[in-house]
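Shown next, in structure tokens, is the structure this report addresses.
To find a chain, count down the sequence lines: A is the first, B the second, and so on, and within it residues start at 1.
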There are 2 protein chains.
Amino acid sequence: MGIKERKQKHKEDLRSKILEAAKELFVKEGFEATSIRKIAAKIEFSPTTIYLYYKDKNDIAYALHQEGFSLLRTQFLPLMHVESAFERLKAIGKAYIDFGFKNPDYYFVMFMLKDPMDFVNQNCGDEWEEGERVFDFLEQTIVDCQAEGYFKDMDKELMAVNAWTSVHGMVSLYLMGHLKKVAEVKNLQIENENLIEESFKLYIDLLARTKQ
Amino acid sequence: MGIKERKQKHKEDLRSKILEAAKELFVKEGFEATSIRKIAAKIEFSPTTIYLYYKDKNDIAYALHQEGFSLLRTQFLPLMHVESAFERLKAIGKAYIDFGFKNPDYYFVMFMLKDPMDFVNQNCGDEWEEGERVFDFLEQTIVDCQAEGYFKDMDKELMAVNAWTSVHGMVSLYLMGHLKKVAEVKNLQIENENLIEESFKLYIDLLARTKQ
DNA sequence: AAATTTACTTAACACTGTTAATTACTTTTG
DNA sequence: CAAAAGTAATTAACAGTGTTAAGTAAATTT
């Protein structure tokens, strides 16, 4: 059935071509500005063709959401070789912050948009490979930290959640422009981006105190 | 000029009537679902009338954003009388989390929407009373904690930012549905809402270790 | 060669925020 | 008092959005 396979190939090609176009628009002009019609225009098909390959816009948002998580994971990959667990934890935090700064739109669909996550919660049962991989790496690092004397008597999962939410708080409030305003209003010497860096250092300092 | 005053009164009335309608819609159906046309229908005026009282939709979003901050402040008000500074800090954190849980849409416009904050950054110079008041209360509590032996040698503003971002991280990832998924995937015994409570306890525990 | 399936398009619906032009009414002025 | 000016609201329209139903043209199967 060579012909059927070729057809199947074509279908997959167009599906990924749509996503490719969506991704380009989305990275260049942001999520809000990426419409079905613009994606269609970019690949020179009619808007309705998109619906033959993706259920709706959320479906595309979800695909980008997934891409974001796998991109984040590639940023984490080289950190696996950092020997000291606590240093690795610091490196993960920095890489996460850096990811948010350099890919604000990805960060947005991944962590600040309800729809794609609703999609995951509804359609992915109790699995979510992309997200799980990232979280597991963090959790394993926490466990390794415990072997180094940190976080004794603390729940590993809870500690991982806390580390994640803490750093996410910094990144998201930075991206929303709240930290900028605080720095301005409070007349802080410290600049906007360094504010996160310093706040992160402070958090790490809090964590370091758990060492026994 | 009694007539002019009456006219002025009417203008202000309609302006606040618009906001009232916007608020009701927005609390009932969320921010996304609140359109200019729906607001107009609710007050029985034509959609374009709105534009005579508010510059655009962002202007209304900004007004709701402000209302949110003053609402949050009223939640904090009774906590001023908590004597122990560290207990007060805990109470502030809990009240903040509670606010986010009970007013997800307010929380959304206040901290998870870019436009209203852009509005603040552009039009409010280096002042922002509503936000400043809330932040100042947190900062003063940090200072009081320092008098109790916590956060020694730590910058008060940086510590306040860290406390804020930490708790915001929990609330926003909860509201987006990320924490729910983590709890599911990782098969945590702990339930969704309790996950925040426990994570918050863990954070407080980290802070408590700074006491000298 | 006819029937069926496939891939895609056109047209349309029901919305969105926003602006220009227009009406109805009130106030001020000659 | 009547004409001019100003005000508050409207209608109509623009340019866009996501999405669906119906239709078309080509390829494949019968």
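Straight-line distance from the CD1 atom of I39(B) to the P atom of dG17(C): 8 Å, rounded to whole Å. The CG atom of L52(A) sits 10 Å away from the C1' atom of dT6(C) (whole-angstrom rounding). Rounding to whole angstrom units, OH of residue Y54(A) and P of dT20(D) are separated by 17 Å. Distance, N58(A) CG to dT17(D) P: 16 Å, rounded to whole Å. In this structure, Y51(A) places its OH atom 14 Å from P of dT9(C), rounding to the nearest Å. With rounding to whole Å, F45(A) atom CZ is found 6 Å from dT9(C) atom P. Between the CG atom of D59(A) and the C1' atom of dT19(D) there is a distance of 14 Å, given to the nearest Å. Distance, D13(A) CG to dC8(C) C1': 17 Å, rounded to whole Å.
Taking E197(A) as the reference, nothing meets the salt bridge (Lys or Arg N to Asp or Glu O under 4.0 Å) condition, with sequence neighbours excluded. For Y150(B), the ring-ring contact (aromatic ring centres under 6.0 Å, His included) partners are F86(B), not counting sequence neighbours. Residues meeting the side-chain contact (heavy atoms from CB on, under 4.5 Å) test with E129(B), sequence neighbours left out: R133(B). Listed by chain and number, the residues in a side-chain contact (heavy atoms from CB on, under 4.5 Å) with E139(B) are K186(A), F135(B), D136(B), K156(B), E157(B), A160(B) (sequence neighbours excluded).
Under a 3.5 Å cut-off, the side chain of R37(A) and the backbone N or O of P47(A) do not form any donor-acceptor pair.
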Extract all donor-acceptor atom pairs below 3.5 Å that involve side chains of residues 112-121 of chain A and protein atoms in other chains or at least two apart in sequence.
| unit_1 | atom_1 | unit_2 | atom_2 | d |
| --- | --- | --- | --- | --- |
| K114(A) | NZ | D118(A) | OD1 | 3.4 |
| N121(A) | ND2 | M117(A) | O | 3.3 |
| N121(A) | ND2 | G177(B) | O | 3.3 |

Per-pair distances, 0.1 Å, donor-acceptor, side chain in residues 103-110 of chain B, under 3.5 Å, sequence neighbours excluded:
| unit_1 | atom_1 | unit_2 | atom_2 | d |
| --- | --- | --- | --- | --- |
| N103(B) | ND2 | F99(B) | O | 3.1 |
| Y107(B) | OH | Y96(B) | OH | 2.7 |
| Y107(B) | OH | H168(B) | ND1 | 2.7 |

Contacts under 3.5 angstrom, residues 29-36 of chain B side chains, donor-acceptor by atom type, not counting sequence neighbours:
| unit_1 | atom_1 | unit_2 | atom_2 | d |
| --- | --- | --- | --- | --- |
| T34(B) | OG1 | F26(B) | N | 3.4 |
| T34(B) | OG1 | G30(B) | O | 2.8 |
| S35(B) | OG | K38(B) | N | 3.2 |

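Comparing the end axes of the helix from dA1(C)-dT30(D) to dG30(C)-dC1(D), each fitted to five base pairs by superposing C1' atoms of four pairs onto the next four, gives an inter-axis angle of 30° (nearest 10 degrees).
Residue pairs satisfying the salt bridge (charged side-chain N to carboxylate O under 4.0 Å, His left out) criterion with at least one member in residues 169-185 of chain A, sequence neighbours excluded, are listed as follows: K181(A)-E184(A). For residues 55-72 of chain A, the set of pairs meeting the salt bridge (charged side-chain N to carboxylate O under 4.0 Å, His left out) definition, not counting sequence neighbours, comprises K23(A)-E67(A).
Under 4.0 angstrom from either OP1 or OP2 of dC8(C) there lies at least one side-chain N or O belonging to Y53(A).
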Using nucleotides 11-16 of chain C, report all nitrogen or oxygen pairs with the protein that are shorter than 3.5 Å.
| unit_1 | atom_1 | unit_2 | atom_2 | d |
| --- | --- | --- | --- | --- |
| dT16(C) | OP1 | S35(B) | OG | 2.8 |

Taking only nitrogen or oxygen atoms into account, show me every contact under 3.5 Å that the protein makes with nucleotides 22-25 of chain C, one pair per line with its distance.
none

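Using cut-offs of 30° and 60° on the angle between ring planes, the pair W164(B) and H178(A) is perpendicular.
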